[in-house]
Every structure is written in structure tokens, then in C-alpha cells.
Amino acid sequence: MGARCGSKVSKMHPPVVFCLFLLLNLELSICTQLTVIPGSALELPCISLPTDFTGSPATWKFNGEIMGNLTSQPSGSISVKKNGLILSISPVSAAHSGKYECSVKEHNMEISSTYDIKVIAANAFTVKITEGQSGHLPCYFPCSSQVTANALWFKETTQLVLEDDSEEIFLEDIPMSENDRRVERLYPLDKDQTIILRDAVPTDAGMYYCKSAEGEILSIVQTIIEDAPTDAPHPCSGFDVPWETCLDENSRTNGPMLQESMTEFSMALYTFLRQSKPSGNLLVSPISIAGALSHLLLGARGDTRKAVERAIRVAHDFHCVHLEMRKLRNKMAGSLEMASQIFYSPQMNLSDSFTTQSIQFYEAEPARLLETSENNTEMINNWVANKTNNKITNLVDSVSPNTQLMVLNAVSFNGLWKVKFGQKSRKGVFTKLNGDLVNVPILYHQKYTLVMTHNDLLRAQVARFALSGENSLYILLPYSRTAADLQRVEQRMTDTAVKQMIAQMATMSPQHVEVTLPRIKLDVQSDINILIKKLGLSSLFEDANLCGLNPEERLVLDDARHKAFLALTEQGVEAGAVTSMSFSRSFPSFSALRPFILLLWSDQANVPLFIGRVTEP
Ligand SMILES: *[C@@H]1O[C@H](CO)[C@@H](O)[C@H](O)[C@H]1NC(C)=O
Ligand SMILES: *[C@@H]1O[C@H](CO)[C@@H](O)[C@H](O)[C@H]1NC(C)=O
Ligand SMILES: *[C@@H]1O[C@H](CO)[C@@H](O)[C@H](O)[C@H]1NC(C)=O
């Protein structure tokens, strides 16, 4: 949601004028330095007007030049009023930036005034929030900028000037503190500096300004607080219906549609992840996150349902999504085992239709949480360990007594190399991003059979390692070990580019290659709370409509976790792990003894299973 780099934003043009330096010049009756936004209307008085003023017409200069042809009939956007004593500009555009001087003669005396007008190109938004609810006030740094400090937010406030009863406008700092989370930055130190305003009250209405630390105005948000409905209906009324039946169960397009969605979702997820962690190892299983979100979708209604559908990139009202998830899971079974579960509070009732459909589509019969936090921690961790083949044993340290609901999804992958590596233990030297060398155990083969290519679109050397159960491990090796080259590959890894790469390599013949891969073991926990917000699901943290699951109350998400494990061994790839490669002079070589990106792909189901980056083997 909201404006992203490269996408359109809708703008409004409020008639806003404000004096950035007003506080310093409170003794002046008018402000002389004005910052205005394009599209607004501006009226510049030459002098304070006594009603009986009879002097000669005023002369206006713009950047030192006398402005001719000023009439009270607007020609273009500039006109005058009251015998030239008021210069009116409407609508304001960038060309109107500059210095305006006006002078007028009266009783042998000349009075003049000067204005500095700065027209800024900030984004302007209008946001409507219902009283008591929360809303987002958008603000974005330009796409090209490096974010080193958070933007600052101000609210326009008026203050009565006692002398003449007029109102002065000034900007008041909006405090954001850890203790009072009513106003909070959603993504600290991100290009997206949007804030959330919770529990809106009528006095929150007004103009908000987001400025960079250097003082540049990034956005102006007109906030309107609407009255809360006086007679709030039951939170789930109208929403407690079961998920719709899939009518065209055998449609041939459903499967490919879900594959497209999963690939698009996976690449979007990796983009958010790499942006939030620009260096260091990464590993995430998009299929597992999508599995948890689609299970949640089964119980989501209203706006929450729409948001989850958008997040996992499925069309709204693709009623067959759950059936297709089941088909996808069954297709991958054998190499990727996926399990889902829902634990819920003993004080809560789940709707019968949700329980039935959860069993039908996710083979998950929701289970009640136990009495104590210790019991729940043990139960959850045991479930996770069991479903990941003991690869992940410690997902949670504790389960809060406030927990109402836990949605779990676990995947366990096992693929054997089609071409085995030698059993002899060897060592190689991995060059890190910063040039440091580390000794690592390696997998080595002098004449490995694989498909290898230089992909110019992705700017990487790519090798495809065939695995049992119709899976492949793709390793994308940037042209050098530098961070810039790694980031370039990552930026180019769109879903389209990746699908093209996979389709192209499917047509190529394998060749004999000397291969060296680091024998790595990745164990990575990612902060997916931010990722979930980035996917457009921040509303889950505020008010999740899961009325299809629990028809009695609304819930909020308070923590999300993701741990992934991936190991490359002599035998193959285990559950989300990576391998590396080496190069030779005698035959073409592929040596991944420097930072690389990996993509574990289900060829059977044609969807990504794991995506990761290795910079520290
Ligand atoms: C759950 O259902 C039981 C039996 O129908 C009912 O007595 C109880 O009040 C319900 N709990 C809640 C929280 O509504
Ligand atoms: C809860 O934990 C306690 C202490 O570890 C144990 O004795 C008890 O059997 C557990 N209860 C359940 C239902 O697992
Ligand atoms: C998981 O639990 C099932 C049923 O209790 C058991 O048969 C299986 O061996 C367990 N798997 C692991 C990896 O512990």
C-alpha cells in the first residue's frame, strides 16, 4: 500500500501556505519567507490595508524585474486585487519560486515589502481516519537517496496573536517515544518514513509535515478525523461466513496462477529482506511464509482478507487458493514436507467451518494451548522440531499468557545431488565481501555434470545443480566479490528475470565443469515483523479481521518469526541449506568461494522453496 519508488501517488492540492520562519519573526504582522506547494493559492498583501486607503497603485517586481500587465482579470495564474495591493497567484507552480517586491507611494512616503517564495515539490496526501482507529501518514525519501537519519514529523498548529486577534501558524514537533506508541515510525531508517497514528482523536485533524534532517519537506498530509459510528456493530457481524467453495476445481489455469503468485511473492519478499539487511547471510523460505499466510487467509475476512490476498499476490476472490495450496503441497511431498498447525487459547472458540476447512486444506486440526507458558513453549518447540526433522528445535523462548492464537508452518527439505561429490574432506579459501580470506571445508568435483551459463540480464554466472525429487539448486555468482556486484544481481532478480533464467537453463545441455562449493550450514533467523508490514500487512498488528476463524472477537498480531536452516553436504541439500563451487583452468569452472545467492527451486511444482545469500560460509 502507499507510494513506492516508481509507482504513482495520488496528490491533492490544498490551499496551504505556511511560514517556516514564523516563530523567529512573530513580531512581524506578515511572514516574508513562504514555502508553498504546487497547486496551492497564494495572496501576497503589499501592506496591511486600512480600509480607506487611497494611495497610488502598487508596483510589483519579481526577481528584480517590474511585473507588467498585472490586471484584476487573471491572465495565466497571476492577477492583482485592490488596486494592485494584493498579488494573487493561483495555482502556484515551480516557476513562481523567487523574490517578490512591492512598493507603494502614499503621502510622499514609499512603503515596500519583500517576499521570498519557495515552491516545493513535496508529495501531498489526504488521509481520513475514523475516531478511535489508526491510520498511516505517508512519507518517502526520494528513490535515489541514502537514508542516514529518520525524517522528522511536524504538525501545523495555530496560535492566537493577542495584539490583533489574528492566528499565526507554526509547526510543532511530533514526539515519538518508546513509551508512548500512539505515533510510531513503521520502518525506522527506511526510505519509507510513513508513521502510524493510533487511537485517533478529533484534535489529531490537521496538516502534518514530514521533513528530512536537512530540512527538505518530503510530504504534507492533510489528516481528517471522521466521527466514529455511534452504534458500533458486533465486530464480526457480516463476516462470520465460511470460505467459499472452489467451483472450478479442475481448471487447468489454477495451478499456474498459484505458481505465478508464489514466485512473485518470493521475489518481493527477498527484495524487502535484502533491503532491510544489506550485508551478511540471508536465508528465507518463501513457501513456508506463504503457507502460514494462506492458512491465516482461510480465517481472514473483510479488509484483512484483501490485504493477505494482496500480500501473497493472489487475485481477490481466487476461491480455489486453498485447494491449490493443498495440490502444491502434495506435488512437492517426497522432497519438501510441509506442515501447518494452529494453536489457540482455551478461552476462545473457533468456528466449526474453519476447523473443518483447516483439516480439509491444511491437514491441520487446530489444537488448544495449554495452561502455562512453559507447557506451551515446550509444545510449540516440540511441534516445530518434529516437523523440521529436528533441524530447528528452538523457535520460541516463551509463549505469552496473552497469546490467543498461533499459526505455524514448517517445511523440511531433503534433496540428494544427482551427481555426487567426493567423500574426501577438503579445504578451500573463501573470499569475503571485504576481501578477507577464510578457510572453509569444500565440496569438490573435477568433472561435475551441470548446466552453467552467464546470464547477462542478472549479471551473474549461474550454475544449476540437479537434485533428487525433481528439484534444483541454482547458484548465482556475481561477476566479482564486491558488494556492488552482489547488490546489482540482487536488484536484477525480479520474478520475471528469474523465471526467464530458469526457462532458459531448462533448454541448455549440461557440460563437464570443475566445481567447488563451500560446505556451508546456514542457520538464520530473520526479523519478519518488518517484512510482514512491508508486504502491506501492517494492519495485522493493529486489528486483524479473522472472523472466519473466530467469530467472537478481533485479534492483533504481536510477533512473527522465521528461522531457516540450509546445509550443503556430500549427499545433497538439507532443508534450506546452501553449497559452494570452485573453478579450474583445464575445463570451464564454477567456484562459489565468494559471496553468492542461492535459490532452491521445486521443478515439479515450479515454485521457489528457499532463497538465500551467503557472504560468511
Ligand atoms: C465458547 O463456547 C461455549 C459453548 O458453546 C460457550 O459456553 C462459551 O461462552 C464460548 N466462549 C466464548 C469466549 O464466547
Ligand atoms: C506442564 O509442565 C509441567 C512441568 O514441566 C509438567 O509436569 C506437566 O505435565 C505439563 N503439563 C502438560 C499438560 O503438558
Ligand atoms: C514426529 O512425530 C511423529 C508422531 O509422534 C513420529 O512418528 C515422528 O518420528 C516424529 N518425527 C521426528 C523427526 O521426531
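We count ligands from 1, going down the list as the structure has it; atoms in each ligand are counted the same way.
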Take Phe465 and Tyr474, measure what ring-ring contact (aromatic ring centres under 6.0 Å, His included) needs, and give me the verdict at the end. CA-CA 6 Å; Phe465 296 80; Tyr474 290 87; 9.3 Å; no

Steps toward side-chain contact (heavy atoms from CB on, under 4.5 Å) verdict (His562, Val524): CA-CA 8 Å; His562 186 73; Val524 181; over 6 Å; no

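The salt bridge (Lys or Arg N to Asp or Glu O under 4.0 Å) analysis of residues 398-426, with sequence neighbours excluded, yields no pairs.
The aromatic rings of His295 and Phe354 sit parallel, their planes meeting at an angle under 30°, below the 60° perpendicular limit.
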Are any protein N/O atoms closer than 3.5 Å to the N/O atoms of ligand 3? If there are, list each pair with names and the distance to one decimal place.
unit_1   : atom_1 : unit_2 : atom_2 : d
ligand 3 : 2 (O)  : Asn386 : OD1    : 3.3
ligand 3 : 2 (O)  : Asn386 : ND2    : 2.2
ligand 3 : 11 (N) : Asn386 : ND2    : 2.9
ligand 3 : 14 (O) : Asn386 : ND2    : 3.4

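Inspection of the Asp303 and Asn545 side chains reveals no N or O donor paired with an N or O acceptor under 3.5 Å. A side-chain donor from one of Arg464 and Ser472 sits under 3.5 Å from a side-chain acceptor of the other.
Residue-to-ligand polar distances place Asn375 within reach of ligand 2: an N/O pair is separated by less than 3.5 Å.
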